[in-house]
Amino acid sequence: MKRLDLAFFQRDVLTVCPELPGKFLVINHTPYMITEVEAYRGEEDMACHAKKGRTERTEVMYRCGGHIYVYLIYGMYWMFNLVTGPKDIPQAALIRGIEGFNGPGKLTRYLKINKSFYGENVCASDRIWLTEGEQHVTIKTSPRIGIDYAGEPWVSKPWRFFITP
DNA sequence: TCATTGATTTCA
DNA sequence: GAAATCAATGAT
């Protein structure tokens, strides 16, 4: 299967996200189909971690697309994000669902994703990358989950993309 | 609905 | 330094 290259990730997160469900995340040569993603777009997006500017944790989002942003939430769960867009524009696609198990915390626990993946580049790594999907899928959208603190208009943005049967 | 859990962020 | 915060989950 064709490996997704840098050009795929260097587009706007709102262009990349609807294309991610149905594609395969390959970790240690095992493919997992992506079923659900969310877009986090720039410092103006109050739901995005980069809203307060560049910090040590969010620095990777300011790099060009293809890098991996991993962070710990609620002291227990690693969240897995793919950085998109050009350099100096903080954007990331949060991978919320993988076929076979739902929930972003579950998938990272099952796949043993942790801080060692932070800053990895899926275009250059030999243990993690993405490939084209073979299946024809239907995508639906809805508001993002768990970002009530962001306020309007961000809580209402239909920036969650997922597969429907 | 509540406890868990710990890095990041904020306040002093 | 200390305190509050939090893109979640599972048990109750």
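Chain naming here is simple, since letters A, B, ... match the order of the sequence lines and numbering starts at 1 in each.
Atom OH in A:Tyr71 sits roughly 15 Å away from atom C1' in B:dT5 (whole-Å rounding). When rounded to the nearest whole Å, the span between CZ of A:Arg109 and C1' of C:dG10 equals 9 Å. A:Tyr110 has its OH atom 17 Å from the P atom of C:dT9, to the nearest Å. Atom CG of A:Leu94 is separated from atom P of C:dA8 by 8 Å (rounded to the nearest Å). Rounded to a whole Å, the CE atom of A:Met79 is 13 Å from the C1' atom of B:dT5. Rounded to whole Å, atom P of B:dG6 lies 11 Å from atom CH2 of A:Trp78.
Listed nucleotides: B:dT4, C:dT9, B:dA7. Nearest to the side chain of A:Leu72: B:dA7. With distances taken from any side-chain atom of A:Tyr74 to the nucleotides C:dG10, C:dC6, B:dT5, the minimum falls on C:dC6.
Counted by atom type alone, A:Ser116 and A:Asn114 present one or more donor-acceptor pairs between their side chains at under 3.5 Å. Residues A:Thr131 and A:Arg3 bring no donor and acceptor atom of their side chains to less than 3.5 Å of each other.
DNA chain B contains the following stems of three or more consecutive Watson-Crick or G-U pairs, with both distances under 3.5 Å: B:1-4 with C:8-11, B:6-11 with C:1-6.
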Return the polar atom pairs (N/O with N/O) between nucleotides 8-10 of chain B and the protein under 3.5 Å, or none.
{"from": "B:dT8", "atom 1": "OP1", "to": "A:Lys115", "atom 2": "NZ", "distance (Å)": "3.3"}
{"from": "B:dT8", "atom 1": "O3'", "to": "A:Arg57", "atom 2": "NE", "distance (Å)": "3.2"}
{"from": "B:dT9", "atom 1": "OP1", "to": "A:Thr55", "atom 2": "OG1", "distance (Å)": "3.2"}
{"from": "B:dT10", "atom 1": "OP1", "to": "A:Lys52", "atom 2": "NZ", "distance (Å)": "2.7"}

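Residues A:Glu38 and A:Ile145 share a closest heavy-atom pair of OE2-N, 3.0 Å.
Connectivity analysis of hydrophobic side chains (ILVMFWY, heavy atoms under 4.5 Å, direct or indirect) links A:Trp129 to A:Val26.
Sorted by first then second residue, the ring-ring contact (aromatic ring centres under 6.0 Å, His included) pairs that include residues 131-161 of chain A, not counting sequence neighbours, number zero.
We find that A:Arg41 and A:Asp12 are joined by a salt bridge, their nearest charged nitrogen and carboxylate oxygen being less than 4.0 Å apart. The pair A:Arg11-A:Glu19 meets the salt-bridge criterion, with a side-chain N (NZ, NE, NH1 or NH2) lying under 4.0 Å from an Asp/Glu carboxylate O.
A search for salt bridge (Lys or Arg N to Asp or Glu O under 4.0 Å) contacts involving A:Asp126 returns nothing, not counting sequence neighbours. Partners of A:Pro104 under the side chain to side chain contact (heavy atoms under 4.5 Å, CB included) rule, at least two apart in sequence or in another chain, are A:Met79, A:Arg96. Legend: residues meeting ring-ring contact (aromatic ring centres under 6.0 Å, His included) with A:Tyr71, ordered by chain and number and at least two apart, are A:His49, A:Tyr69. With sequence neighbours excluded, no residue forms a salt bridge (Lys or Arg N to Asp or Glu O under 4.0 Å) with A:Glu99. Every residue meeting the salt bridge (Lys or Arg N to Asp or Glu O under 4.0 Å) condition with A:Glu120, not counting sequence neighbours, appears here in chain and number order: A:Arg127. Evaluation of the salt bridge (Lys or Arg N to Asp or Glu O under 4.0 Å) rule for A:Lys23 yields A:Glu132 as partners, not counting sequence neighbours.
Residues of residues 148-160 of chain A having a heavy atom closer than 4.0 Å to DNA chain C, listed by number: A:Tyr149. Non-hydrogen atoms lying under 4.0 Å from DNA chain C are contributed by A:Tyr40, A:Ala47, all within residues 36-47 of chain A.
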